[in-house]
Amino acid sequence: MKVDTLFRLDGRVALITGSSQGLGKVLSRGLAAAGARVVLNGRDQEKLAKTTEEFRSQGYDAYGYAFDITRKEETDPAIERIEAEVGPIEILVNNAGIQRRAPLHEVSDETWNEVLATNLTGAFIVSRKVAQGMIQRQRGKIIFTCSLMSELGRTTTGPYTAAKGGVRMLIRAMCVDWARYNIQINGIGPGYFITEMTRPLAENPEFNAWLMGRTPARRWGDPEELIGALLLLASDAGNFINGQIIYVDGGILAAL
Ligand code: GCO
């Protein structure tokens with residue numbers, strides 16, 4: 001048993017959606033450090049180019065493809081271009097997501113549709129296209145960035161909670177349809193990590209006090225603490241793990 005290479009991803013092409021900033025950028029750096037050829041994605045061309053250049057200056061094999069995962073007419077051709085120009089996608093991380101906080105009775109149709117389109121439907125659109133090649137090659141890894149809201153609600157996060165709950169069951173739906181093709185579909189469930197999405201919460205003393213009491217580890221996570229679970233699911237180490245979510249949350253889901 002060679003455990004020293006079990007978590008390596010040398011030469012494997014990994015597409016990470018929503019990766020020009022936030023958790024997606026950190027996850028991408030973890031995959032690149034394990035040897036993957038990382039394909040970064042975002043809607044903002046300038047921000048994406050800056051992050052891609054940053055990765056390359058750090059010696060990583062990185063590429064940037066700007067497309068909006070909610071628009072099939074952009075996503076399908078972009079994935080075809082990636083597979084033609086970089087190589088077959090062996091690892092897909094469905095990370096792109098948005099958060100819109102408001103009491104549910106004040107949520108507009110537009111906000112609801114925007115959150116569900118990005119956090120759930122967009123991930124399906126990308127996965128369906130990438131899975132076509134994975135099914136042909138009889139191998140692949142699809143990993144979703146889930147959330148504590150895949151399991152529990154928090155006030156003012158209704159659309160996000162509904163979408164992330166849907167992601168939890170989409171993982172299982174893909175598992176039962178695609179595991180037979182040697183495709184492993186799983187999720188990582190981040191607790192609270194300080195990113196562009198959560199910074200307003202981190203800067204709120206009342207929220208911080210609540211979170212420190214609610215988290216058994218009594219602290220925010222460091223985004224790099226997600227890399228271990230990610231590499232387990234993205235590498236051969238996770239070849240018989242399917243339909244699961246690994247929570248990296250400092251114990252929040254273990255506590256009332
Ligand atoms: C919130 C946050 C959370 C985190 C994360 C927790 O408003 O409570 O945005 O949703 O982003 O998803 O797992």
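Remember, predicted model here, so these are calculated numbers, not experimental data. Order of listing sets the numbers, starting from 1, for every ligand and every atom in it.
Nearest protein heavy-atom neighbour of atom 3 (C) of ligand 1: Y192 CE2, 3.7 Å. Of the protein's heavy atoms, R101 NE, 2.7 Å lies nearest to atom 7 (O) of ligand 1. What sits closest to atom 13 (O) of ligand 1 on the protein, heavy atoms only, is P190 O, 2.7 Å.
I135 and V130 fall within the same hydrophobic cluster, defined by Ile, Leu, Val, Met, Phe, Trp and Tyr side-chain heavy atoms under 4.5 Å apart, directly or through other members.
Under 4.0 angstrom from ligand 1, the non-hydrogen atoms of T198 all belong to its side chain. Neither the backbone nor the side chain of T156 comes within contact range of ligand 1; no heavy atom lies under 4.0 Å. Residue L148 touches ligand 1 through backbone and side chain together, judged by heavy-atom distances below 4.0 Å.
For atom 6 (C) of ligand 1, the nearest non-hydrogen atom from the set G191, G221, G189 comes from G191.
Closest non-hydrogen pair, I69 versus T75, comes out as CA-OG1, 3.4 Å.
The contact set between ligand 1 and S147, taken as ligand atoms under 4.0 Å from a residue heavy atom, comprises 5 (C), 6 (C), 12 (O), 13 (O).
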S127 vs N94, side chain to side chain donor-acceptor pair (under 3.5 Å): CA-CA, chis, key distance, verdict:
CA-CA 8 Å; S127 302; N94 288 305; 2.8 Å; yes

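Residues meeting the salt bridge (Lys or Arg N to Asp or Glu O under 4.0 Å) test with E46, sequence neighbours left out: none. Scored by the ring-ring contact (aromatic ring centres under 6.0 Å, His included) test, W112 finds no partners at all (sequence neighbours excluded).
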